[in-house]
Participant: 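My questions all concern the structure below.
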Amino acid sequence: MEDDLDLCQAIQQELMKNGYLADCCNDGETAMLYALNTDYGYDLAIVDRMLPVIDGLTIIKAMRRKNIQIPVIIITGMSALDDRVDGLDGGADDYLVKPFHIRELMARVRALTRRPRQIRETGMLSYSDLHFDYPNRKITCNNRDLVLTAREAELLSVLMKQPKTAFSREQLVLKVWGSNADIEPGNVDNYISFLRKRLRELHSNCEIKTIYGSGYRLEDPHA
């Protein structure tokens, strides 16, 4: 779903070259029809935020309201922090700013599409006042609950499995994005910021601490 016809076709060709089946459209109205039709059985959507007629963020929010939980990558020229936060809070799982290299997009596609086959989590994760339903990506605390994005869910699961353990940025990249992903360790900081916001929204006792020279750890400083 990309309004630049040349870029849309280039992405489609690259996806097909890598063994994916891919549909392509150039306006938000058509994209909305594709996105909300579960008969197509898509595994992932790549959505331009600034589509004509209906913008990409509106499409993603409509997908999530309909409980369509496939991974979504936003591609956009809007690079401000507030824009990234709005995109991820609106239901996207990843955010890629133009101009980007097609190899990076393919790495992110591989990371998101392989994850359901790699991770076979069942049941709940609990620590302190947090209860995390991993399969449904729902975090509950103090009678409040939030549904996380795919990346937020995987990052939180790593931290909750080993609370009070410090993970370096490099370790978190490996555990969340995988060894083949072309992701800079500094990108972890953005997702840590998003998770901290989630914990504040839930009024949790838990905090994600920055450990100087080591990375991050989940802890309850009141315990």
Side-chain angles (χ1 to χ4, degrees), residues 44 64 69-74 81 84-96 104 107-223:
L44 178 138
R64 299 319 189 204
Q69 298 299 332
I70 63 171
V72 176
I73 301 174
I74 288 182
L81 176 60
R84 298 198 301 271
V85 171
D86 287 345
L88 294 164
D89 280 349
D93 298 286
D94 203 354
Y95 198 104
L96 189 57
E104 180 176 4
R108 293 175 185 234
V109 168
R110 288 193 298 272
L112 287 172
T113 55
R114 72 171 172 251
R115 196 131 297 123
R117 293 190 293 272
Q118 284 186 332
I119 299 177
R120 306 297 183 186
E121 299 283 352
T122 58
M124 300 283 293
L125 287 172
S126 295
Y127 172 66
S128 183
D129 56 3
L130 295 177
H131 304 281
F132 185 31
D133 178 357
Y134 180 89
N136 293 306
R137 305 198 316 234
K138 184 170 75 173
I139 185 76
T140 302
C141 178
N142 297 321
N143 295 317
R144 299 179 174 89
D145 58 67
L146 292 171
V147 176
L148 305 181
T149 68
R151 285 271 169 75
E152 289 173 339
E154 291 187 35
L155 181 56
L156 182 62
S157 72
V158 171
L159 297 172
M160 286 189 68
K161 285 175 183 175
Q162 294 179 269
K164 302 182 182 179
T165 299
F167 292 94
S168 69
R169 291 178 177 86
E170 290 77 11
Q171 287 175 314
L172 292 173
V173 167
L174 183 62
K175 289 176 177 291
V176 175
W177 281 267
S179 59
N180 295 324
D182 186 17
I183 302 295
E184 292 294 327
N187 289 352
V188 173
D189 299 344
N190 285 335
Y191 284 91
I192 290 292
S193 176
F194 300 145
L195 276 184
R196 283 171 170 161
K197 180 184 176 185
R198 302 293 197 185
L199 295 180
R200 289 194 297 270
E201 290 174 9
L202 293 168
H203 301 294
S204 173
N205 291 328
C206 295
E207 298 177 2
I208 301 175
K209 290 286 190 179
T210 301
I211 311 302
Y212 182 75
S214 297
Y216 299 102
R217 73 171 178 236
L218 179 69
E219 64 179 47
D220 178 355
H222 308 287

Participant: Under the side-chain contact (heavy atoms from CB on, under 4.5 Å) rule, what do V72 and R64 come out as? Steps first, then yes or no, please.
Facilitator: CA-CA 10 Å; V72 176; R64 299 319 189 204; 3.6 Å; yes
Participant: So among N190, D93, D94, which one has a side chain to side chain donor-acceptor pair (under 3.5 Å) with R151?
Facilitator: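 When N190, D93, D94 are each tested with R151, the side chain to side chain donor-acceptor pair (under 3.5 Å) holds only for D94.
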Participant: So, taking the atom named SG in C141 and the one named CD in E201, what distance separates them when rounded to the nearest 0.5 Å?
Facilitator: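 The CD atom of E201 is 12.0 Å from SG of C141, to the nearest 0.5 Å.
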Participant: Please round to the nearest 0.5 Å and tell me the distance separating atom NZ of K164 and atom CG of L218.
Facilitator: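 Answer for the NZ-CG pair, K164 versus L218, is 10.0 Å.
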Participant: Please check this pair: side chain of Y127 against backbone of D220, looking for a donor-acceptor N/O pair closer than 3.5 Å.
Facilitator: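 Checked: pair present.
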Participant: If the condition is side chain to side chain contact (heavy atoms under 4.5 Å, CB included), which residues does K209 pass it with, not counting sequence neighbours?
Facilitator: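 Once residues adjacent in sequence are excluded, the partners of K209 under the side chain to side chain contact (heavy atoms under 4.5 Å, CB included) criterion are E207, I211, R217, E219.
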Participant: Does T165 have any side chain to side chain contact (heavy atoms under 4.5 Å, CB included) partners at least two apart in sequence or in another chain, and if so, which?
Facilitator: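 By the side chain to side chain contact (heavy atoms under 4.5 Å, CB included) rule, T165 matches Q162, F167.
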Participant: What residues, two or more places apart in sequence or in another chain, satisfy side-chain hydrogen bond (donor to acceptor under 3.5 Å, both in side chains) together with T140?
Facilitator: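 Partners of T140 under the side-chain hydrogen bond (donor to acceptor under 3.5 Å, both in side chains) test: none.
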Participant: Partners of K197 by salt bridge (charged side-chain N to carboxylate O under 4.0 Å, His left out), sequence neighbours excluded?
Facilitator: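 For K197, the residues satisfying salt bridge (charged side-chain N to carboxylate O under 4.0 Å, His left out) (neighbours in sequence not counted) are D89.
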Participant: Enter the distance from L172:CG to L159:CG here, rounded to the nearest 0.5 Å.
Facilitator: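 Rounded to the nearest 0.5 Å, the CG-CG separation comes to 6.0 Å.
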Participant: Between CG of L156 and CG of L199, what distance do you get to the nearest 0.5 Å?
Facilitator: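 Going from the CG atom of L156 to the CG atom of L199 covers 7.0 Å.
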Participant: Is there a donor-acceptor pair under 3.5 Å between the side chain of R200 and the backbone N or O of L195?
Facilitator: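 No: the side chain of R200 does not pair with the backbone of L195.
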Participant: Would you name the heavy atoms of M160 and P163 that are closest together and state the gap between them?
Facilitator: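 For M160 versus P163, the nearest heavy atoms are O-CD, 3.1 Å.
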Participant: Can you measure from CD1 (I208) to CD1 (I192) and round to the nearest 0.5 angstrom?
Facilitator: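 Output value for this atom pair is 4.5 Å.
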Participant: Not counting sequence neighbours, which residues clear side-chain hydrogen bond (donor to acceptor under 3.5 Å, both in side chains) with D145? List them please.
Facilitator: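 Partners of D145 under the side-chain hydrogen bond (donor to acceptor under 3.5 Å, both in side chains) test: none.
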Participant: Between D129 and N205, is there a donor-acceptor pair closer than 3.5 Å when you use the side chain of the first and the backbone of the second?
Facilitator: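 Confirmed, D129 side chain pairs with N205 backbone.
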Participant: Do L146 and K138 have side-chain heavy atoms sitting under 4.5 Å apart?
Facilitator: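 The answer is no; the side chains never approach within 4.5 Å.
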Participant: Is it true that a side-chain atom of R137 and a backbone atom of A153 form a donor plus acceptor pair closer than 3.5 Å?
Facilitator: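 Looks like no, no N/O pair under 3.5 Å.
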Participant: Establish, from distance only, whether the side-chain atoms of D133 and N136 form a donor-acceptor pair under 3.5 Å.
Facilitator: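 Per modelled atom types, D133 and N136 side chains form a pair under 3.5 Å.
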Participant: Closer than 3.5 angstrom, by distance alone: can the side chain of S204 be matched with the main-chain N or O of C206 as a donor-acceptor pair?
Facilitator: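 Yes: the side chain of S204 pairs with the backbone of C206.
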Participant: If you measure from CD1 on I73 to CG on L44, what distance do you get to the nearest 0.5 Å?
Facilitator: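 Reported to 0.5 Å precision, the distance equals 5.0 Å.
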Participant: Do E152 and R198 sit within salt-bridge range, that is, some charged N less than 4.0 Å from a carboxylate O?
Facilitator: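 A salt bridge links E152 with R198.
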Participant: What residues form a side-chain hydrogen bond (donor to acceptor under 3.5 Å, both in side chains) with S126, not counting sequence neighbours?
Facilitator: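 Residues passing side-chain hydrogen bond (donor to acceptor under 3.5 Å, both in side chains) with S126: H131.
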Participant: Could you pull out all residues at least two apart from R196 that satisfy side-chain hydrogen bond (donor to acceptor under 3.5 Å, both in side chains)?
Facilitator: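 Partners of R196 under the side-chain hydrogen bond (donor to acceptor under 3.5 Å, both in side chains) test: T210.
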Participant: Got a sec, which residues hit salt bridge (charged side-chain N to carboxylate O under 4.0 Å, His left out) with D189, two or more places apart in sequence or on another chain?
Facilitator: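 D189 satisfies salt bridge (charged side-chain N to carboxylate O under 4.0 Å, His left out) with R169 once adjacent residues are dropped.
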Participant: Applying ring-ring contact (aromatic ring centres under 6.0 Å, His included) as the test, list every pair that has at least one member in residues 194-223; sequence neighbours left out.
Facilitator: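 Sorted result for residues 194-223: Y191-F194.
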